[in-house]
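Encoded as structure tokens, the structure appears first; notes follow it.
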Amino acid sequence: MSIQDLLVHEFSVAVAAVAGVPVATADAQVRPAGDPKFGDYQCNVAMSLARTLKSKPRDVAQRIKDAVEPQLADIAEPLEIAGPGFINIRLKDGLLAQYLGEIPAPLSEPGAQATGSLAAGGTAQEQWHPGVAWPLTDRVGLSPVEQPQRVVVEYSQPNIAKQMHVGHLRSTIIGDVLARVLAFEGHEVVRQNHIGDWGTQMGAVILGLWYIRARVGRGASLDAVRALQERLRKLSDAPVEARREALQPICSEWSEDLQDQSLDALSGVAVTLEQLELGYVFVQTLVTVAEGTGATVTNRDRTEERLEDIPRKVTRMLQAGDVYERTEWQKARDISLAYCQGIYGPLGVLLTAEDVRGESFYSLGGNNDRRDRLQEVLQGLHEKFGATGGSPREGTGVRGEVRDHEGAVVVYLYNDKGEPLFKNPDGEELGMIVQKSDGAYLYATTDLAAIRFRLKELRFLSGGVGAQRVIYVTDARQKLHFEMFFACARAAGWITDAVRVEHVTFGSVLGGDRRPLKTREGGTVKLRELLDEAEKRALELLQQRAAAAEERRDEKDDTADRSVGEEEQREIARRVGIAAVKYADLRNDRNSDYVFDWDKMLALTGNTAPYMMYAYARIRSIYRKAAERIGSPDVYAPGVTLALGHPAERALALRLARLRETIDAVAADLTPHVLCTYLYDLAADFMRFYESCPVLAAADDASRLSRMRLCDLAARTLRLGLGLLGIEVIERM
RNA sequence: GCGCCCGUAGCUCAGCAGGAUAGAGCACCGGAUUUCUAAUCCGGCGGUCGCAGGUUCGAAUCCUGCCGGGCGCGCCA
């Protein structure tokens, strides 16, 4: 329980007594104080209560004060009534010291970079909650929730047709934080990487791979294909005749390749990510250019096939279980996923191969139990809604209908007045397509299959089955899709009131021009390149700082050697660079767009990752110095108490004591930026403390041990908080 | 046309379960270092909270309308 929870509880009891209402309905309006001079927390309820009680606000405040004060004897200084009727609460220093004093020493782990090594021999060790998903050994005294929930967090969702780019960055980073925070709170979290591996783009991927290898098999280079693609791309707006003419040689070539059985051997050849991407882009370009030209290729069975229809046909064949398509698909998927893991690792994201459960999983052959859950969705929808429309699902007031529209299978949803829930720009009812006219499935179908699976079949670590909460982390532009899909699943009775299903949205990453971030050439920014650049820029920065520090030391005749080895510097640069990128993404409210700016995110001052990492490194430095000068005292020994006489000590202590309410808020509202703000405030509070309160040179032993303990608590809190953000700290910078 | 998000200091953003004089950072100006990393700290400058109504003891916060920006609206995800 947080300190705020404690105050809320005590004040609620008092307010209930004064107002004559049940405690459960009494909102005591206890908030952190708006200004430090008003204390630490404040209760604002007296003003609004005065009206219903027909008395003066200050009198009401006095009655609440009288009722609650005895309960707060050990918690707060005498309450002050101020202004129109605010009740200002200042926590006793003793309460803060006691609250923080109860935080046990961290588990010491040999070899780990735990601050716990300080506490060797400490007895009050903590138990880590077994449901947690990553090796975090220090809970900083926070206990897990008593009633854990089974939670699914779906995030990242790369598409295997393309390598990961900035478009995947926010979902991956934000989703990872939410998974970590909820797991830390004690919930059972299952991460689901719902990769795009079964949709319309797969036809183009498979076709592209075939085409590329056929050309390479005939001696062409990838560059030649790339040049051809570039030439075609420029034709996309050209008149039909020009496009038809340009396509002519490609179509003949293609037809020839199709007849040449010797090329079939190429399907055994391994593919590269480069081929995959180029092939995909090439086919997409080809289709765009072929649109309306009537260009055809000759199939093996001598039939003519329209160019732009081929990818769709291949997708359909894949989904129908054709062996060739299936094999190629597997190759493309393997190579693309391996690449994704190559990003997740350095990026410090928890996702592993185990978390991958893509669209294909729900299709026949995508899993081990030979069930086609996409087909089951279709059947289910027909049963629930039927062709003539079912009755409104109880409680939702929403009625669904499954109808055929131009050959596609479409779900329409109506409210209790029979009005369509969704409309298109012409004001007509807007349906959700669950099966295309060519028989292929779409994302709506896989999403429906996935939610059914997660709520009914997904098995959790504890043995429990079915999620109680499902969180989708995707960009805000998909909002309408999620509204439709949720409404449909509710109307079908698949999502019940017993479960919580949320779409966690976020804004776009913009470039300096306020347009979606692109490379200078106008292409998408690859995540791989982004991370490399982050490390490179961080390294340059570190080298500059090191040189500047060297100069200063020469001036001061400081002979201390603070230089780090090249390898350590690289590792520091790597962590700082990645941290900067992640923190910049997380620090603002999710829903707003943010401008990607290297200089700002790598700045050493202000609300940035480097600033907080520096604060951590400074604390660790104190401990290194302590080891040199006075050995390593056990700051968690029973005799050590926290003294908070200096304002900076007290401010730091108060901040530390607010960790619980902060993490609770982040978990409740799914708002990582609230944690960022907290950590920045904590780092700033520590910096002020550092400036005004000598630690190792403190006046006496008791004060030194107290301050060393505060330092360690600050370090542990920073390490935990940054860890929840997926950011690794460093021992020195 | 309809729907969603956004509009707060020169810039980037917090604050929005209604609460006291609207807060940070950057930039700018001034100051602090015999001491644990100056990658720091302290002070100053800077705001009709897009506009207009309404609800309220009290509105950046809630409601309505308008203005400006972004996004979305059937066989892509």
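- Counting only heavy atoms from C-beta on, A:Gln29 has its side chain closest to B:G19 among B:G19, B:G74, B:U37.
- Out of B:A77, B:U37, B:G70, the shortest distance to the side chain of A:Tyr690 is found at B:U37.
- Here B:A20 presents its P atom at 11 Å from NZ of A:Lys37, a figure rounded to the nearest Å.
- The distance between atom CZ of A:Arg587 and atom P of B:C26, rounded to the nearest whole Å, is 10 Å.
- A:Asn88 comes within 4.0 angstrom of a base, heavy atoms only.
- Taking atom P in both B:C62 and B:C6, one finds a spacing of 10 Å when rounded to whole Å.
- In this structure, the CE atom of A:Met613 is 17 Å from the P atom of B:A39, given to the nearest Å.
- Taking atom C1' on both B:A59 and B:A52, the two are 15 Å apart, rounded to the nearest angstrom.
- When the shell of 6.0 Å around CD of A:Glu80 is examined, it contains 12 or fewer heavy atoms from other residues, nucleotides or ligands.
- Here A:Thr200 reaches the OP1 or OP2 of B:A77: one of its side-chain N or O atoms lies under 4.0 Å away.
- Comparing B:C36, B:G19, B:U37 against the side chain of A:Ser621 picks out B:U37 as the nearest.
- Of all non-hydrogen atoms in A:Leu725 and A:Cys676, the two that sit nearest each other are CD1-SG, 3.8 Å.
- Within 3.5 Å, no donor on the side chain of A:Asp681 pairs with an acceptor on the base of B:A14, nor the reverse.
- The distance between atom CG of A:Asp35 and atom C1' of B:A24, rounded to the nearest whole Å, is 14 Å.
- Within 4.0 Å of A:Leu541, counting heavy atoms only, lies no atom of the nucleic acid at all.
- Nearest-nucleotide assignment on RNA chain B puts the 5′-proximal partner with A:Pro84, out of A:Pro84 and A:Gln201.
- A:Tyr611 OH to A:Met687 CE: the interatomic distance, rounded to the nearest 0.5 Å, is 4.5 Å.
- Rounded to whole Å, the distance from CD1 on A:Ile87 to C1' on B:G19 is 13 Å.
- Distance noted for atom C1' between B:C76 and B:G68: 31 Å (whole Å).
- Taking atom P on both nucleotides, B:U8 is separated from B:A14 by 10 Å, rounded to a whole Å.
- In this structure, A:Arg357 forms a cation-pi arrangement with A:Phe361, its terminal cationic atom sitting closer than 6.0 Å to the ring centre and no more than 45° off the ring axis.
- Along RNA chain B, the nucleotide closest to A:Met687 and the one closest to A:Trp198 are compared, and the more 5′ of them pairs with A:Met687.
- If you check B:C42, B:C13, B:A38 against the side chain of A:Arg688, the one that comes closest is B:C42.
- Dashed line: the shortest gap from a side-chain N or O of A:His673 to OP1 or OP2 of B:G15 is under 4.0 Å.
- Checking the phosphate oxygens (OP1, OP2) of B:U12, a side-chain nitrogen or oxygen of A:Arg514 falls inside 4.0 Å.
- In terms of phosphate contacts, A:Arg515 brings a side-chain nitrogen or oxygen within less than 4.0 Å of OP1 or OP2 of B:C71.
- Checked by atom type and distance alone, the side chain of A:Arg707 pairs as donor or acceptor with a backbone atom of A:Pro694 at under 3.5 Å.
- Centroid-to-centroid, the aromatic rings of A:Phe86 and A:Phe38 stay 6.0 Å apart or farther.
- Residue-to-nucleotide contacts include a donor-acceptor pair under 3.5 Å from the side chain of A:Gln42 to the base of B:A20.
- The side chain of A:Tyr412 lies closest to B:G74 when the candidates are B:U37, B:A77, B:G74.
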Dot-bracket, RNA chain B: Watson-Crick or G-U, under 3.5 angstrom, [ ] crossing, | other strand?
(((((((..((((.....[...)))).(((((.......))))).....(((((..]....))))))))))))....
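- Taking atom CG of A:Asp593 as the reference point, atom P of B:G70 lies 11 Å away to the nearest angstrom.
- Between A:Arg545 and the phosphate of B:A39, there is a side-chain N or O to OP1/OP2 separation shorter than 4.0 Å.
- The side chain of A:Glu691 lies closest to B:U40, out of B:C11, B:A20, B:U40.
- OP1 or OP2 of B:A14 sits under 4.0 Å from a side-chain N or O of A:Ser592.
- Here the side chain of A:Pro425 is nearest to one of B:G72, B:U37, B:G1, namely B:G1.
- In this structure, A:Lys625 reaches the B:U37 phosphate: one of its side-chain N or O atoms is under 4.0 Å from OP1 or OP2.
- Between B:G74, B:G72, B:A77, one nucleotide has an atom nearer to the side chain of A:Ile433 than all others, and that is B:G74.
- Atom P of B:U40 sits at a distance of 10 Å from the matching atom of B:A27, rounded to the whole Å.
- Put simply, the side chain of A:Gln163 never gets that close to the backbone of A:Ser336: no donor and acceptor are under 3.5 Å apart.
- The line from CD of A:Glu661 to OH of A:Tyr41 is 3.5 Å long, rounded to the nearest 0.5 Å.
- Taking CZ of A:Arg575 as the start and CD1 of A:Ile730 as the end, the distance is 7.5 Å to the nearest 0.5 Å.
- Using a 4.0 Å heavy-atom distance criterion, A:Glu406 is classed as a base contact.
- Here the separation of B:G58 from B:G18, taken at their P atoms, is 15 Å to the nearest Å.
- On the P atoms, B:U34 is 41 Å away from B:A20, given to the nearest whole Å.
- Tested against A:Asp685 for a salt bridge (charged side-chain N to carboxylate O under 4.0 Å, His left out), the candidates A:Arg658, A:Arg650, A:Arg655 yield a single pass: A:Arg655.
- Close to B:C41, at under 4.0 Å from its OP1 or OP2, lies a side-chain N or O of A:Tyr611.
- Considering only side-chain atoms of A:Arg732, the nucleotide from B:A77, B:A20, B:U37 that sits closest is B:U37.
- Of all non-hydrogen atoms in A:Ile160 and A:Ala332, the two that sit nearest each other are CD1-C, 4.4 Å.
- Checked against B:C73, B:U40, B:U37, the side chain of A:Leu430 finds its nearest nucleotide in B:C73.
- Within 4.0 Å (heavy atoms only), A:Gly199 reaches sugar-phosphate atoms of the nucleic acid but no base atom.
- Remark: the A:Tyr614 side chain and the B:A39 base include no donor-acceptor N/O pair separated by less than 3.5 Å.
- Taking atom CZ of residue A:Phe506 and atom C1' of nucleotide B:A77, one finds them 12 Å apart after rounding to whole Å.
- Regarding A:Met47, its CE atom lies at a distance of 13 Å from the P atom of B:A59, rounded to whole Å.
- Nucleotides B:G69 and B:G31, compared at atom C1', are 42 Å apart to the nearest Å.
- Once the 5.5 Å centre distance and the 30° plane angle are applied, the aromatic ring of A:Phe86 is found stacked with the base of B:A20.
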